[in-house]
Amino acid sequence: MESNRAVKPLPIAFAALVHQAVRSAQADGSLPEFAIPELKIEPPKRPEHGDYASAVALQVQKLAGKPPMQIAEIVRAHLPSAPFLGSAEIAPPGFLNFRLDRAWLAAQLDHIIAAGERVFQQDDGAGKRAQVEYVSANPTGPLSVHRIRGGVIGDTIANLLEALGYSVTREYYYNNAGQQMNVLGASVRARYLEMLGLPNEFPENGYRGQYIRMIAATLAAIYGDSLRDAPVERFRDLASESIFYRIKNSMRRVNIVHDVFFLENSLYDDGSVAETIAALRERGYAYEQDGALWFRSTALGDEKDRVIVKRNGEPTYRLPDMAYHRNKLERGFDLIVDVFGADHAATAPQVLLGVKALGYDPSCVRTVIHQMVELIEGGEARRMSTRRGDFVELDELLDDVGADAVRYFMLAQSPNTAMSFDLDLARAQGDENPVYRIQNAHVRCAGILRRTAERGMSDEGADLSLLGDDELAFVKKMLETPEVISRAVTEIQPQAIAVFALDLAGMFHPIYDRVRVISEQEDIPAPLAAARLRFYKAAKVVFARLLKLMGMSAPETMERRAKPEPSEQEPSAAEPESA
RNA sequence: GUGCCUGUAGCUCAGUGGAUAGAGCGCUUGCCUACGGAGCAAGAUGUCGGGGGUUCGAAUCCCUCCAGGCACGCCA
């Protein structure tokens, strides 16, 4: 079926045409022989420069030894025909500007509608398996806003990979071993004993957040004082279970659902950690010094060697991390994406050196480092430390601005950009949110479909040649989706999809305002109404797809979020009790 | 001090070596008893941090300086 074919980005199709034209010009001697460079074809900024443009003549002017304008003319004369190619013009200083064929463009609406929720599905990744690891927060406290940025980035990359045809495993590395978990257990035990009025000692580096007291209170409610002599490990397990449950809930609220929770424990249980040590030793990458075991990472270019087993016999985080990455590579993924925050940026290369030392090729691993999320509240930056218990929880933010807004804002900025998330602004955002601009485009399409259905109108027999320039320009823009998706993945710049969706919505709203399907004041002939209806049907499909890729909802109707009425009413009972 | 990231409109930020640098918000002015107005139209706003270089062409690549963030643990 034509409509089910995988969509190739148009720049690739145009590049093939230009490549072919240059080759045939070389074959008949119009151009000298030279290696054709990589051809970059993209939509120009200005509409008068066509729909797609190539600077090939400028690129090869030295190789060809002719003036660019002349080269452009030669290339144009040798262009093969293609169904999508309308016209090609040359423009100084040597650009080749293409226009898409109008009939072809209009016909794409049918392909879009036929493809439905799989619209713009590509096949680059067909038959390939990808693994994306993200969030991977220790279950020592509620999910922070910073962590969820990585979560949104990772989850969106996973969505985009699926759109490229990959089979994707979404994974969370669950760090349930190690010293931090014991500190958590000790912190909860201390609060529990305190609550029972028993003597206790709060650990020096303990977790001081309010949630620790809440867990302790829950334990006291369930178990009474029967845990008074229970070991730290018992508290550790109960606490991490409770926290992890909560983390999962928070993630679900922003549509993050993992396929695999990989337990750090299991690497000890199945001997992977021990094997990793043995393999490193055997290969000469491990040595003992000062009572600790060191990884000779300098042999692979690191600036200094790293401890992998501490003097007290406990492994550092690096060792299980290496074992985990070895495990990932063993599973035979074609692509592995690790999403880390900037605070963990330095360790990623070390882990990759580790797997290299173990004899694996980590070239299929892509590491995404996202910069910090700085929270600003009351004009002041808030530090986020789980240990001090001074952070803003994801749940709190979700209650304020909603899941869709959190997804969008976390996505809309490049991972490389340190994000200032002004909490007051986010809370006040409400109606002015760009999120609504995008969702409203979908809602408006849905509204048209609803209204026309009520009137028994249909798009049957639509004559798509009746569509105007604005609608066709919008179709052209929609057709950029595949290239946006593939670029967002290959360059690991998932914000491209968010920016694109906002652009598309910006193009949509004026059209909606002018190009009507139903009107009481204007007589719209049935064939024209049918063509327009089909246009909006297709637009709805594309907006739904984009929203889904971003992990956002695609509402059929807009419901105004309940706006808090700050004045008039008393602060109310929501005020927390001082403990 | 070293490494990584960043510096673009009043604010938050996009920007793929190409043509006259963009969006949202905010601001100004005007529309709107029409498919849910959370809308539409028009407008103002820029030493792309500074300086050198490469190139036919640089916000984009290289060097350097300035400013900010993160990391430099036998924490994770």
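Atoms considered below: every heavy atom in the structure, side chains included; atoms not considered: hydrogens, waters and symmetry mates. Proteins get letters first, then strands, A, B, ... in listed order; numbering begins at 1 in each.
Taking the charged nitrogens against the carboxylate oxygens, A/K328 and A/D338 do have a contact shorter than 4.0 Å, which makes a salt bridge. Using a 4.0 Å cut-off between charged side-chain N and carboxylate O, A/E314 and A/K310 make a salt bridge.
Below the 3.5 angstrom threshold, one finds a donor paired with an acceptor across the side chain of A/N97 and the base of B/rA19. With hydrogens and angles ignored, no donor-acceptor pair under 3.5 angstrom links the side chain of A/Y436 to the base of B/rA38. At a cut-off of 3.5 angstrom, counting only N and O atoms as typed in the model, there is a donor on one side and an acceptor on the other between the side-chain of A/R516 and the base of B/rA34. For B/rA71, its base never sits under 3.5 Å from the side chain of A/H344 at any donor and acceptor pair.
Using a 4.0 Å heavy-atom criterion, one finds that A/R306 contacts no nucleic acid atom at all. Looking at heavy-atom distances under 4.0 Å, A/A53 makes contact with a base. Residue A/V517 is in base contact, counting any heavy-atom pair closer than 4.0 Å across all strands shown. Residue A/R444 is in sugar-phosphate contact alone, with no base atom involved, counting any heavy-atom pair closer than 4.0 Å across all strands shown. Here A/V515 lies in heavy-atom contact (under 4.0 Å) with a base. Residue contacts for A/T347: at a heavy-atom cut-off of 4.0 Å it reaches a base atom on one of the strands shown. When heavy atoms are screened at a 4.0 angstrom cut-off, A/A418 is found touching the sugar-phosphate backbone but no base atom. A/D290 comes within contact range of at least one nucleobase, with a heavy-atom separation under 4.0 Å. Looking at heavy-atom distances under 4.0 Å, A/A292 makes contact with a base.
Checking each of A/Y172, A/F262, A/Y174 against A/Y324 for a ring-ring contact (aromatic ring centres under 6.0 Å, His included) leaves exactly one that passes, namely A/F262.
At least one side-chain nitrogen or oxygen of A/Q495 sits closer than 4.0 Å to the OP1 or OP2 atom of B/rG15. Residue A/Q413 places at least one side-chain N or O under 4.0 Å from the OP1 or OP2 atom of B/rC13. OP1 or OP2 of B/rU6 lies within a sub-4.0 Å distance of a side-chain N or O belonging to A/N416. One finds no side-chain N or O of A/K304 lying less than 4.0 angstrom from the OP1 or OP2 phosphate oxygen of B/rU2. The side chain of A/K45 places an N or O atom within less than 4.0 Å of a non-bridging phosphate oxygen (OP1 or OP2) of B/rA19. Close to B/rG7, at under 4.0 Å from its OP1 or OP2, lies no side-chain N or O of A/T417.
Between A/F474 and A/F543, the ring planes lie tilted relative to each other; the angle falls in the 30° to 60° range.
Nearer the 5' end of RNA chain B, as judged by each residue's closest nucleotide, is the contact made by A/A91, out of A/A91 and A/L502. Nearest-nucleotide assignment on RNA chain B puts the 5′-proximal partner with A/E491, out of A/E491 and A/D503.
As a whole-Å value, the separation of A/E48 CD from B/rA19 P is 12 Å. Spacing between atom NZ of A/K62 and atom P of B/rC56 amounts to 3 Å, rounded to whole angstrom units. The CG atom of A/D305 sits 11 Å away from the P atom of B/rC74 (whole-angstrom rounding). With rounding to whole Å, A/E471 atom CD is found 18 Å from B/rC35 atom P. Rounded to whole Å, atom C1' of B/rA76 lies 11 Å from atom CZ of A/F340. In this structure, A/M419 places its CE atom 15 Å from C1' of B/rC70, rounding to the nearest Å. Going from atom CE of A/M507 over to atom P of B/rG22 covers 15 Å, rounded to whole Å. In this structure, A/Q350 atom CD and B/rG3 atom P are separated by 16 Å, rounded to whole Å.
A stacked arrangement is assigned to A/F95 and the six-membered base ring of B/rA19, with a centre-to-centre distance below 5.5 Å and an interplanar angle below 30°. The aromatic ring of A/H509 is not stacked on the base of B/rG39, since the criterion of ring centres less than 5.5 Å apart with planes inclined by under 30° is not met.
Checking B/rA21 for Watson-Crick or G-U wobble geometry (two distances, each under 3.5 Å) identifies no partner in any strand. The nucleotide B/rG36 finds no pairing partner, because no Watson-Crick or G-U wobble arrangement with both distances shorter than 3.5 Å includes it. With a cut-off of 3.5 Å on both pairing distances, the Watson-Crick or G-U wobble partner of B/rU2 is B/rA71. The nucleotide B/rC27 finds its pairing partner in B/rG43, both defining distances of the Watson-Crick or G-U wobble pair being shorter than 3.5 Å. Taking a pair to require two hydrogen-bonding distances under 3.5 Å in either a Watson-Crick or a G-U wobble arrangement, B/rC48 remains unpaired.
Between the side chains of A/D305 and A/Y287, at least one donor N or O lies within less than 3.5 Å of an accepting N or O. Side-chain contact annotation: A/N416 with A/H370, donor-acceptor N/O pair under 3.5 Å absent.
For A/Y512, the side-chain atoms get nearest to B/rG36 when compared with the rest of B/rC70, B/rA19, B/rG36. When distances are taken from the side chain of A/T557 to each of B/rC74, B/rG36, B/rG39, the shortest belongs to B/rG36. Nearest to the side chain of A/E303, among B/rG18, B/rC72, B/rA23, sits B/rC72.
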Applying side chain to side chain donor-acceptor pair (under 3.5 Å), run through A/R318 and A/Q350 and close with a yes or a no.
CA-CA 8 Å; A/R318 282 183 202 100; A/Q350 295 168 17; 2.6 Å; yes
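Side-chain atoms of A/F535 and A/V515, non-hydrogen and from C-beta on, never get closer than 4.5 Å to each other.
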